[in-house]
Amino acid sequence: GLRTKEEHVKNYLKDLSDTEAAMEPFKEHKRDLRKSYIEEGYLTKDEIWAAVKAYRMVKGEKNMEALIEAYDQVKKMIL
């Protein structure tokens with residue numbers, strides 16, 4: 001039969017809730033990974049931020065100028 005909007009909303013929210021619950025361990029792992037790199041002294045928060053920013057740009061194929069700027073920031077930190 002046809003479902004009502006209310007039933008669709010209820011089903012959507014249940015699926016969303018289940019999906020977010022399933023994602024939580026991965027989010028926690030991401031936080032732990034960042035924390036451990038900082039605690040071990042491998043990278044600073046700024047270095048991680050710059051690297052992630054560059055990664056997101058490459059992955060999303062965002063504008064090249066911003067990518068080059070982020071790359072230059074990382075390069076200065078490393079060299």
Side-chain angles (χ1 to χ4, degrees):
L2 295 174
R3 290 194 170 141
T4 65
K5 283 278 185 200
E6 191 175 316
E7 288 172 316
H8 283 301
V9 167
K10 198 165 117 183
N11 289 337
Y12 178 81
L13 292 177
K14 182 181 178 339
D15 283 350
L16 181 64
S17 175
D18 291 348
T19 301
E20 286 181 345
M23 288 169 60
E24 195 50 44
F26 295 101
K27 290 179 183 177
E28 199 173 311
H29 177 72
K30 225 167 71 166
R31 289 188 290 268
D32 290 346
L33 182 65
R34 181 176 57 236
K35 186 178 169 192
S36 88
Y37 266 71
I38 292 166
E39 285 175 355
E40 293 295 328
Y42 298 150
L43 295 169
T44 66
K45 281 182 184 181
D46 286 343
E47 289 165 337
I48 289 171
W49 175 84
V52 170
K53 184 177 174 186
Y55 169 75
R56 298 259 185 261
M57 284 181 207
V58 169
K59 196 173 165 198
E61 296 178 19
K62 299 289 185 254
N63 78 41
M64 201 55 155
E65 204 172 296
L67 173 61
I68 291 166
E69 187 182 310
Y71 171 78
D72 287 341
Q73 284 180 318
V74 172
K75 202 164 92 172
K76 280 183 217 158
M77 291 177 202
I78 294 171
L79 302 177

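Everything numeric here is computed off the predicted structure, so don't read it as measured data.
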Participant: Closest approach of Pro25 and Ala22, non-hydrogen atoms and distance?
Facilitator: CD-O, 3.3 Å

Participant: Who passes side chain to side chain donor-acceptor pair (under 3.5 Å) against Glu24, sequence neighbours left out?
Facilitator: Arg31

Participant: The criterion is side chain to side chain contact (heavy atoms under 4.5 Å, CB included); which residues satisfy it with Thr19, sequence neighbours excluded?
Facilitator: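 Thr19 satisfies side chain to side chain contact (heavy atoms under 4.5 Å, CB included) with Met23 once adjacent residues are dropped.
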
Participant: Report the residues that fulfil side chain to side chain contact (heavy atoms under 4.5 Å, CB included) with Glu7, sequence neighbours left out, ordered by chain and then residue number.
Facilitator: Arg3, Thr4

Participant: Which heavy-atom pair separates Ile48 from Ile38 by the least distance, and what is that distance?
Facilitator: CD1-CG1, 3.7 Å

Participant: List for me each residue that meets side chain to side chain contact (heavy atoms under 4.5 Å, CB included) alongside Val9, sequence neighbours excluded, and say none if there are none.
Facilitator: Leu13

Participant: Minimum heavy-atom separation for Glu47 and Leu43, please, with both atom names.
Facilitator: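 Shortest heavy-atom separation between Glu47 and Leu43 comes out as OE1-CA, 3.2 Å.
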
Participant: Output the distance between atom NZ (Lys45) and atom NZ (Lys35), rounded to the nearest 0.5 Å.
Facilitator: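 Answer rounded to 0.5 Å: 11.0 Å.
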
Participant: Surrounding NE2 of His29 (heavy atoms of other residues, nucleotides or ligands, distance under 6.0 Å), is the total greater than 12?
Facilitator: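 It does not: His29 NE2 has 12 such atoms or fewer within range.
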
Participant: Which value, rounded to the nearest 0.5 Å, describes the distance between Lys10 atom NZ and Asp15 atom CG?
Facilitator: 12.5 Å

Participant: Go through the structure and list residues passing side chain to side chain contact (heavy atoms under 4.5 Å, CB included) with Leu33, not counting sequence neighbours.
Facilitator: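 Tyr37.
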
Participant: With hydrophobic residues grouped by side-chain heavy-atom distances under 4.5 Å, do Val52 and Tyr42 end up in a single group?
Facilitator: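 Yes; tracing contacts between hydrophobic side chains, which count when under 4.5 Å, links both residues.
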
Participant: Can you give each donor-acceptor pair under 3.5 Å made by side-chain atoms of residues 72-79, sequence neighbours left out, with the distance rounded to 0.1 Å?
Facilitator:
none

